[in-house]
A.B. asks: 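Just passing along the structure, written as structure tokens.
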Amino acid sequence: MRPRHLLLLLLLLALPARAAELDPRAIAFRLPEQIPWGPVTASGNQQAVLVGDPAKPGFYAVMVRWLPGHMSRPHFHPNDRFITVLSGTWWMGNGPEFKPEETVPMPAGSFVTHFARGVHYDGAKEDPTVLLIVGEGPATSTPVERR
């Protein structure tokens, strides 16, 4: 290879690669820093609505971030919910009595179904935990009265 060709090749390799642009009619995306996280609730979690509106009828997808040391109290939902643990460990229990010491760990990569009207409680213990939850709205939560 001639020195001039080698120099041209090295210059081309040194140029920053330009990423292809995606057609928004074909693909929609959000990078992690563009995920619309809401404020931390009194329950110690945050929600980011990705698709749909969980307060209305129809399909929705949300991410929920549980802060360490926060757990929900026994409650149920009117519809099935499908949950993937994206990071951390999510702890779950079921039944009307809140017993956090008896919760079962679900590590990242776990998939869980909460069946409609099934009483449960859940949250994070030592580590922050991020979940992807999909289902049919409205995604209300009904607390279970203590007995």
Side-chain angles (χ1 to χ4, degrees), residues 8-147:
L8 181 59
L9 178 62
L10 289 173
L11 283 172
L12 288 173
L13 291 174
L15 290 175
R18 182 168 177 234
E21 292 193 29
L22 298 172
D23 183 346
R25 295 170 299 178
I27 297 174
F29 66 93
R30 290 187 189 134
L31 297 173
E33 62 273 9
Q34 297 169 322
I35 300 295
W37 289 102
V40 176
T41 68
S43 301
N45 63 46
Q46 287 179 285
Q47 180 173 283
V49 176
L50 302 174
V51 174
D53 183 344
K56 297 178 180 174
F59 178 80
Y60 69 88
V62 298
M63 286 198 304
V64 174
R65 178 186 295 145
W66 281 96
L67 301 180
H70 291 275
M71 295 195 78
S72 66
R73 296 304 184 260
H75 64 281
F76 63 89
H77 309 286
N79 304 314
D80 293 348
R81 300 176 94 183
F82 306 96
I83 303 115
T84 302
V85 181
L86 299 178
S87 66
T89 300
W90 189 39
W91 296 82
M92 301 186 314
N94 63 287
E97 202 172 323
F98 182 60
K99 297 180 181 179
E101 68 282 356
E102 294 181 14
T103 54
V104 176
M106 295 291 125
S110 298
F111 179 78
V112 175
T113 301
H114 279 172
F115 295 110
R117 295 171 295 288
V119 176
H120 62 278
Y121 47 94
D122 43 46
K125 290 187 178 182
E126 298 87 21
D127 303 313
T129 302
V130 178
L131 311 173
L132 173 64
I133 303 174
V134 298
E136 291 289 323
T140 59
S141 182
T142 303
V144 173
E145 302 268 338
R146 289 187 180 173
R147 295 178 189 189

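Counting begins at 1 with the first residue of the sequence. Computed from heavy atoms alone, side chains included, the values below leave out hydrogens, waters and symmetry copies.
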A.B. asks: Is there a donor-acceptor pair under 3.5 Å between the side chain of K125 and the backbone N or O of P105?
C.D. replies: no
A.B. asks: Compare every heavy atom of L86 with every heavy atom of A108, then report the nearest pair and how far apart it is.
C.D. replies: CB-O, 3.8 Å
A.B. asks: Under 3.5 Å, side chain of Q47 to main-chain N/O of V64, donor-acceptor pair present?
C.D. replies: no
A.B. asks: Provide the closest heavy-atom pair for G123 versus M71 in the form atom of the first, atom of the second, distance.
C.D. replies: N-CE, 3.7 Å
A.B. asks: Do other residues, nucleotides or ligands put more than 12 heavy atoms under 6.0 Å from F59 CZ?
C.D. replies: yes
A.B. asks: Do you know the tightest heavy-atom contact between A116 and P78?
C.D. replies: CB-O, 3.3 Å
A.B. asks: Quick check for you: to the nearest 0.5 Å, what is the distance between H70 atom NE2 and T41 atom OG1?
C.D. replies: 8.5 Å
A.B. asks: Supply the atom-to-atom distance R117 CZ to T142 OG1, rounded to the nearest 0.5 angstrom.
C.D. replies: 10.5 Å
A.B. asks: Measuring from atom OH of Y60 to atom CZ of R81, what distance do you get when rounded to the nearest 0.5 angstrom?
C.D. replies: 4.0 Å
A.B. asks: Is atom CZ of F111 surrounded by more than 12 heavy atoms (other residues, nucleotides or ligands) closer than 6.0 Å?
C.D. replies: yes
A.B. asks: What heavy-atom pair brings P36 and R30 nearest, and what distance separates the two atoms?
C.D. replies: CD-NH1, 3.8 Å
A.B. asks: Is any side-chain heavy atom of M92 less than 4.5 Å from a side-chain heavy atom of Y121?
C.D. replies: no
A.B. asks: Checking L50 against L132 for the side-chain contact (heavy atoms from CB on, under 4.5 Å) test, could you report, in this order, the C-alpha distance in whole Å, the side-chain angles of both residues, the deciding distance, and whether it holds?
C.D. replies: CA-CA 10 Å; L50 302 174; L132 173 64; 3.9 Å; yes
A.B. asks: Determine, step by step, whether W90 and H114 satisfy the ring pair (Phe, Tyr, Trp, His ring centres under 6.0 Å) criterion, reporting the C-alpha distance in whole Å, the side-chain angles of both residues, the deciding distance to 0.1 Å, and the verdict.
C.D. replies: CA-CA 13 Å; W90 189 39; H114 279 172; 5.6 Å; yes
A.B. asks: Has S43 got a side-chain atom pairing as donor or acceptor with N45's backbone, closer than 3.5 angstrom?
C.D. replies: no
A.B. asks: Calculate, to the nearest 0.5 Å, the distance between atoms NE2 and OG belonging to H120 and S141 respectively.
C.D. replies: 6.5 Å
A.B. asks: Under a 3.5 Å distance rule, please check whether T103 uses its side chain to pair with a backbone N or O of G93 as donor and acceptor.
C.D. replies: no
A.B. asks: Between P68 and P128, what is the shortest heavy-atom contact and its length?
C.D. replies: CG-N, 3.6 Å
A.B. asks: Provide the closest heavy-atom pair for H75 versus S72 in the form atom of the first, atom of the second, distance.
C.D. replies: CE1-OG, 3.2 Å
A.B. asks: Between CZ of R65 and CG of L131, what distance do you get to the nearest 0.5 Å?
C.D. replies: 11.0 Å
A.B. asks: Looking at CG of D122 and CH2 of W66, how far apart are the two atoms once the value is rounded to the nearest 0.5 Å?
C.D. replies: 5.5 Å
